[in-house]
Protein chains: 2
Amino acid sequence: MFEARLVQGGLLKKVLDSIKDLVTDANFDCSPNGFSLQAMDSSHVSLVALLLRSDGFDHYRADRPISMGMNLNNMAKMLKCAGNDDIITMKAEDAGDTVTFMFESPNQERISDFELKLMDIDSEQLGIPDTDYAATVKMPASEFQRICKDLASIGDTVLISVTKDGVKFSTTGDIGSANITCRQNTSVDKPEEQTTIELNEPVCLSFALRYLNSFAKATPLSHTVTLSMSKELPVVVEYRIGDLGHIRFYLAPKIEDEEMEDEA
Amino acid sequence: MFEARLVQGGLLKKVLDSIKDLVTDANFDCSPNGFSLQAMDSSHVSLVALLLRSDGFDHYRADRPISMGMNLNNMAKMLKCAGNDDIITMKAEDAGDTVTFMFESPNQERISDFELKLMDIDSEQLGIPDTDYAATVKMPASEFQRICKDLASIGDTVLISVTKDGVKFSTTGDIGSANITCRQNTSVDKPEEQTTIELNEPVCLSFALRYLNSFAKATPLSHTVTLSMSKELPVVVEYRIGDLGHIRFYLAPKIEDEEMEDEA
DNA sequence: AGACACACTG
DNA sequence: CAGTGTGTCT
């Protein structure tokens, strides 16, 4: 038996909106630790890892670990039927083939329950090592989203260069080129408006803007985003979800040779 | 000679927006009692009945009853040319083949008139008996609209069950199933946010969500909607239009056998 | 011309 | 919070 109650149901709605365009089907793992998901995007290029910790829920019970395979578009469709301030409860039997979403309006006048059919999904759970990164940039999520959107109108690849002073996003395309530099600023009043850089070693990596723009759909979840990078390793784009957990996106950098392949 | 002046011209715009997708051509009846329309939708499944009482207009004159056949899409197109707070006056000669819509901006700075060609339309005027219903549900129109929209994303038929405690909307589809229950609440401060149930006998009827969603286009006309139901009889979905009249939609329930036909 | 994003109002 | 209306971008 699995049961999880989240008073801030709107968070779950936003979580699904942020990954349903990237991943079509995925297994949610319900364990005593929490409610989590790890999946490759449908083109098998990037990886999404979601964790909602059990202690972040208002009630949580997972008698034994179960895995629930869902079509994320269908799940999102059902969650759209919840109000943004509804309380959402998920329930599933250990051996059942459905999951139930219960929505309670804040005043309890309206109670809905939606039953979604589960599906069997092959999934390779990758072990993701907890690395120390050469550079970690923390910046306002909306600013990162804006930059990725703007640069995508010029080119399709962004070169991210981090030095101790700041982070530079560069692209080149048919019509010209662009560089956007964000300087470190710890001086701003509000922490969520700060851009901070932790640097062990300067890094300089290229990524496909198309995926970064997909990741940026998680912007409504958090004021800030964290980019963690090391040479030749996938970037980690992380959005914290209140005190509930986080969603992390992984994307391998483009290598020069690969860029040529893309053009072909 | 027919002439009717409505200071709240926006109401007429909304009325047309709410029926033009359901009914393409219809006769408006202009009589001393008021301005009314009764028509089947284009697939001959549901029925629309509109009544705007003469005393709700700011000026009203109908020397003798006339019937004006119009293409509702064309009429709606013309009304779109009126501002939402324009004063609208309709005029027609007894034997003419056109109707004139006059729009006056609130400050009288702009006066337009649009002439629409009338057409001959066959119409069978059905007598609608004034029944006592087994159950009448009054609820916020926006909530009804939301429920019909949400459920249509899951299934195509809704089962409406009314008991003295509340009204339950249920559907089933390929991806799963859903139930939304609204409890009676007369305690809320504002009457337009209340859900109230008048019950002689519990009822349980199925309807095609497609039509209910068309009916719900009338939501901008009123804060509340009334659903009147009796076993095996068409549901009446009524929106009051200020103190001007009402618009009523009728839809026959699905019978089990009919549902099977739909699948074929 | 249509769709999306933003800002505003109920 | 949600719907509407506007403005912008594709």
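Just so we're on the same page: letters track the sequence lines, and every chain starts at 1.
- The side chain of B:Arg146 has D:dG3 as its nearest neighbour among D:dC1, D:dG5, D:dG3.
- In the displayed structure, A:His59 atom NE2 is contacted under 6.0 Å by more than 12 heavy atoms of other residues, nucleotides or ligands.
- If you measure from atom CD1 of A:Ile154 to atom C1' of D:dT10, you get 15 Å, rounded to the nearest angstrom.
- Atom NZ of B:Lys14 and atom P of D:dT4 are 10 Å apart (whole Å).
- As a whole-Å value, the separation of B:His223 NE2 from D:dT4 C1' is 13 Å.
- Within 6.0 Å of the NE2 atom in A:His246, the count of heavy atoms belonging to other residues, nucleotides or ligands exceeds 12.
- For DNA chain C, if you chain together Watson-Crick or G-U pairs that step i with j, i+1 with j-1 and so on, the runs of at least three with distances under 3.5 Å are C:1-10 with D:1-10.
- Looking at B:Ile160 and B:Met229, their side chains come closer than 4.5 Å, going by heavy atoms from C-beta outward.
- Between B:Asp17 atom CG and D:dG3 atom P there is a gap of 17 Å when expressed in whole angstrom units.
- Distance, B:Glu143 CD to D:dC1 P: 17 Å, rounded to whole Å.
- Rounded to an integer number of Å, the gap from NZ of B:Lys13 to P of D:dT4 is 14 Å.
- A:Asp113 places none of its side-chain heavy atoms less than 4.5 Å from the side chain of A:Phe103.
- The nearest whole Å value for the distance from the CG atom in A:Asp86 to the P atom in D:dC1 is 11 Å.
- Residues A:Thr196 and A:Gln194 approach most closely at CG2-OE1, 3.8 Å, considering heavy atoms.
- Take the nearest nucleotide of DNA chain D for A:Ala82 and for B:Asn84: the residue whose nucleotide is more 5' is A:Ala82.
- With a 6.0 Å radius and a threshold of 12 heavy atoms from other residues, nucleotides or ligands, B:Gln8 has its CD atom at or below the threshold.
- The pair B:Lys13-B:Asp17 fails the salt-bridge criterion, with no side-chain N (NZ, NE, NH1 or NH2) lying under 4.0 Å from an Asp/Glu carboxylate O.
- Rounded to an integer number of Å, the gap from A:Asn107 CG to D:dC1 C1' is 13 Å.
- Positionally, the nearest nucleotide of DNA chain D for A:Asp85 lies more toward the 5' end than for the other of B:Gln145 and A:Asp85.
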